Amino acid sequence: MWDVLLTDCNAATMVGVAPYGAIPDAAIGIAQGKLAYVGPRAGAGPAHTVRPLDGAWVTPGLVDCHTHLVFAGNRAGEWEMRRKGASYEDIARAGGGIVSTVKATRAASEDALVESASRRARAMRAQGTTTVEVKSGYGLDLATETRMLRAAGRLGEGLRVARTFLGAHALPPEFKDDRAGYVDLVCETMIPAIAREKLADAVDAFCEGIAFTPAETERVFATAKAHGLRVKLHAEQLSDCGGAALAAKYNALSADHLEHASEAGIAAMARAGTAAVLLPVAFYFLRETKKPPVAALRVAGVPIAIATDCNPGTSPAASPLMAMNMACTLFDMTPQEALAGMTRNAAKALGLEDEIGTLEAGKAADLAIWRVCDPCELAYWIGADLLADRYFQGRSDNEIAS
Ligand code: NIG
Ligand code: FE
C-alpha cells in the first residue's frame with residue numbers, strides 16, 4: 001500500500017525516447033518519500049491517499065546545480081557602474097567585484113547569512129526547485145568559508161542542499177602580494193578542515209585571468225581528490241584558459257560557464273563524463289556576446305545542465321524558469337533540453353543522478369506539479385505563476401501549508 005497516489009496527470013519523466021519522457025494520463029505512487037510507481041494510470045496500485053491533479057503536468061523537482069546563494073549585501077552599485085561602461089573585469093581589478101561581497105560576508109553572522117539566503121531559496125522553491133547547490137567563496141578565510149557552508153546546511157527545510165567549497169574564488173586582499181600563500185592556505189588548511197567536518201560534497205575553483213591559473217587550480221583539485229572530495233570548475237567564462245580539459249583530467253562532475261570552451265576541452269569532457277553547466281543569466285547580465293558552444297557539446301554527447309548561478313555580481317537571479325527561458329532564447333537550446341538541463345543533467349552535474357533528476361521508481365519523490373498544457377511552457381512563460389504544488393521527499397507543500 002503506497003502512501004500517496006497522484007492521478008489525472010501527465011508525467012514528464014525525462015527518461016526514455018518520448019519527448020520529455022512523457023507518460024500521458026499517468027499515475028505516480030509515493031511510498032516512504034520515494035517514487036514507488038511512475039506509469040500509466042491502469043497499472044497503479046492502492047494507496048492511503050489518492051490525489052487527482054486535474055490534468056497537471058508533473059516533472060522532477062528542479063535541480064539548480066550552480067548557485068552562490070549564501071552571501072551578504074548586494075552589488076547593485078557596481079551594476080549601475082557597469083551600465084555607465086565599466087566592465088566586470090575593470091571593477092574586479094579595481095578591488096570591487098567578488099572582494100566587495102567578501103567584505104560584507106565576513107562581517108555577517110551565520111544567522112544573518114541564513115536569513116538572507118532563505119529568502120532567495122524561498123523564491124526558488126516557489127518555482128519548483130527541490131535541490132540547490134550552494135557554493136562558499138565569499139569568505140576566503142577559514143572562519144567565513146566554514147560559516148557560509150554551515151549557513152548553507154541550514155537551508156535544508158523542504159530543499160536538498162549540495163554544498164561546494166569555493167575557496168579558490170578570488171584572491172583575498174590580505175594575500176594580494178602572496179598568491180602562493182593563499183593557495184597554500186586553501187590546500188593545507190581549508191580543504192582538510194572542510195573535509196574533516198564534512199562541510200562540503202565538492203570543491204570548485206574559478207580558473208580565469210582575474211582569478212586562479214590552471215596550475216593553481218590543479219593544486220586545489222589534487223588536494224580535493226586526496227581528501228575524497230569531487231571537483232567542479234568555473235571554466236572558460238571570460239577567456240579560454242584550458243579549464244575544461246583540466247576539469248576533465250580530474251574527472252570533474254562538471255565544468256561550468258564554458259562560453260570560451262575549445263573543441264579539445266569539449267572532447268576531453270565527453271571522454272571523462274564531465275557535465276557542462278551553462279549559466280545563461282550570467283551571460284545576459286554581463287552582456288556577453290560569445291555564446292557557449294552548445295552545438296559542439298550536443299554533438300560530443302556532453303550532458304548539458306542549466307543553472308541560475310544566483311550571485312550578487314553576475315546573476316542576481318532566483319528564477320530557474322527564467323534561466324530555462326534564457327537557455328532557449330540566448331543559447332538556442334530547445335525547451336526539452338532546458339528542462340533536462342534543470343533536472344536530469346543537473347543531477348548528474350552534482351553526482352546525484354541515482355537519487356534525483358528523473359521520475360523513476362526508486363528515486364526521491366521530489367516533484368514539481370505545473371499548471372501548464374505542455375511542458376514546453378515551462379521555458380516559455382516569463383514571471384508567470386505556474387507551480388501548483390511541489391513534493392519534497394514525498395511531502396506536499398500544500399499539505400504542509402494547510
Ligand atoms: O559564477 N565567475 C565567478 N563567480 C561567479 C560570480 C561571482 C561574483 O561576481 O560575485 C559567477 O559568475
Ligand atoms: Fe558561479
Side-chain angles (χ1 to χ4, degrees), residues 63-75 97-99 101-102 104-106 108 110 113-114 116-118 120-121 124 129 131-142 144-156 159-172 186 190-191 193-195 197-208 211-212 217 220-221 223-224 229-235 237 243 247 252-258 275 277-279 281-282 305-318 320 323 346 349-352:
V63 178
D64 196 343
C65 66
H66 179 141
T67 86
H68 308 250
L69 196 65
V70 171
F71 58 84
N74 71 67
R75 308 229 292 276
I98 292 171
V99 167
T101 300
V102 169
T105 305
R106 284 181 176 177
E110 186 178 310
L113 292 174
V114 172
S116 63
S118 296
R120 296 184 276 273
M124 290 173 170
T129 298
T131 295
V132 67
E133 184 255 17
V134 181
K135 300 175 195 297
S136 67
Y138 292 123
L140 312 182
D141 60 30
L142 181 65
T144 317
E145 288 290 310
T146 52
R147 188 157 77 250
M148 288 183 74
L149 292 168
R150 286 202 184 89
R154 287 170 54 191
L155 302 174
L159 205 54
R160 186 185 313 271
V161 178
R163 292 181 293 181
T164 302
F165 170 60
L166 178 56
H169 193 196
L171 201 61
V186 167
M190 294 195 199
I191 292 177
I194 282 157
E197 294 182 47
K198 297 193 177 7
L199 286 173
D201 313 294
V203 171
D204 193 349
F206 186 19
C207 184
E208 189 59 67
F212 294 90
T217 302
V220 171
F221 277 4
T223 309
L229 293 165
R230 304 292 303 267
V231 299
K232 346 169 83 319
L233 189 64
H234 283 70
Q237 179 183 13
L253 289 166
S254 67
D256 303 34
H257 287 286
L258 295 176
V277 178
L278 305 185
L279 304 164
V281 189
I306 302 295
T308 61
D309 196 13
C310 177
N311 78 71
T314 65
S315 187
L350 296 177
L352 295 175

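Since we're looking at a predicted model, the values are computed, not measured.
- By the 4.0 Å N-to-carboxylate-O rule, Arg163 lies too far from Asp201 to be salt-bridged with it.
- For the atom pair NZ of Lys198 and CG of Leu229, the computed distance is 9.5 Å after rounding to the nearest 0.5 Å.
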Take Lys135 and Asn311, measure what side-chain contact (heavy atoms from CB on, under 4.5 Å) needs, and give me the verdict at the end. CA-CA 10 Å; Lys135 300 175 195 297; Asn311 78 71; over 6 Å; no
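- Looking at heavy atoms from C-beta onward, Leu253 lies out of side-chain contact with Leu350 at the 4.5 angstrom threshold.
- Proximity of a side-chain donor or acceptor of Thr308 to a complementary backbone N or O of Cys310 within less than 3.5 Å is detected.
- When all heavy atoms of Ala349 and Val277 are compared, the pair lying nearest together is CB-CG2, 3.8 Å.
- A pairwise comparison of heavy atoms in Ala282 and Ser315 identifies N-OG, 3.9 Å as the closest pair.
- Aromatic ring pairs are classed by plane angle as parallel below 30°, tilted from 30° to 60° and perpendicular above 60°; the pair Tyr138 and Phe71 is perpendicular.
- Among residues two or more places apart in sequence or in another chain, the side-chain hydrogen bond (donor to acceptor under 3.5 Å, both in side chains) test is passed with Arg230 by none.
- Closest approach of Thr105 and Ala72 over heavy atoms only: OG1-N, 3.2 Å.
- Taking every heavy atom of both residues into account, Ala121 and Leu159 meet most closely at CB-CD2, 3.9 Å.
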Worked verdict on Ile191 versus Val220 for side-chain contact (heavy atoms from CB on, under 4.5 Å): CA-CA 8 Å; Ile191 292 177; Val220 171; 4.1 Å; yes
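- To the nearest 0.5 Å, the span separating CG on Leu69 from OG on Ser116 amounts to 8.0 Å.
- Of the possible donor and acceptor atoms, none in the side chain of Asp64 sits under 3.5 Å from a partner among the backbone N and O of Thr131.
- Put simply, the residue from Met148, Arg147, Glu110, Arg120 that forms a side-chain contact (heavy atoms from CB on, under 4.5 Å) with Val70 is Met148.
- For the pair Ile194 and Phe165, the tightest heavy-atom approach, listed with the atom from each and the gap, is CD1-CD1, 3.3 Å.
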Give the C-alpha distance, both sets of side-chain angles, the deciding distance and a yes or no for side-chain contact (heavy atoms from CB on, under 4.5 Å) between Lys232 and Val203. CA-CA 6 Å; Lys232 346 169 83 319; Val203 171; over 6 Å; no
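- A donor-acceptor distance shorter than 3.5 angstrom exists from the side chain of Glu145 to the backbone of Gly139, with no hydrogens or angles considered.
- The distance from atom CD1 of Ile306 to atom CG of Leu278, rounded to the nearest 0.5 Å, is 5.0 Å.
- In this structure, the separation between CG on Leu279 and CG on Leu258 is 8.5 Å, given to the nearest 0.5 Å.
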Test side-chain contact (heavy atoms from CB on, under 4.5 Å) on Thr67 and Met124 and set out the steps. CA-CA 11 Å; Thr67 86; Met124 290 173 170; 4.2 Å; yes
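- No side-chain donor-acceptor contact under 3.5 Å links Gln237 to the backbone of His257.
- Side chains of His234 and His169: a donor-acceptor N/O pair is absent below 3.5 angstrom, by distance only.
- Rounding to the nearest 0.5 angstrom, the gap separating the OG1 atom in Thr164 from the CG atom in Leu149 is 8.5 Å.
- In terms of heavy atoms, Gly167 sits closest to Leu140 at O-CD2, 3.4 Å.
- Judged by distance alone, with hydrogens and angles left aside, the side-chain atoms of Ser118 form a donor-acceptor pair with the main-chain N or O of Val114 at under 3.5 Å.
- When each of Val186, Leu233, Leu171 is checked for a side-chain contact (heavy atoms from CB on, under 4.5 Å) with Phe212, only Leu171 meets the rule.
- One distance of note links CG of Asp256 with SG of Cys65; it measures 6.5 Å at 0.5 Å rounding.
- Scored by the side-chain hydrogen bond (donor to acceptor under 3.5 Å, both in side chains) test, Thr129 finds no partners at all (sequence neighbours excluded).
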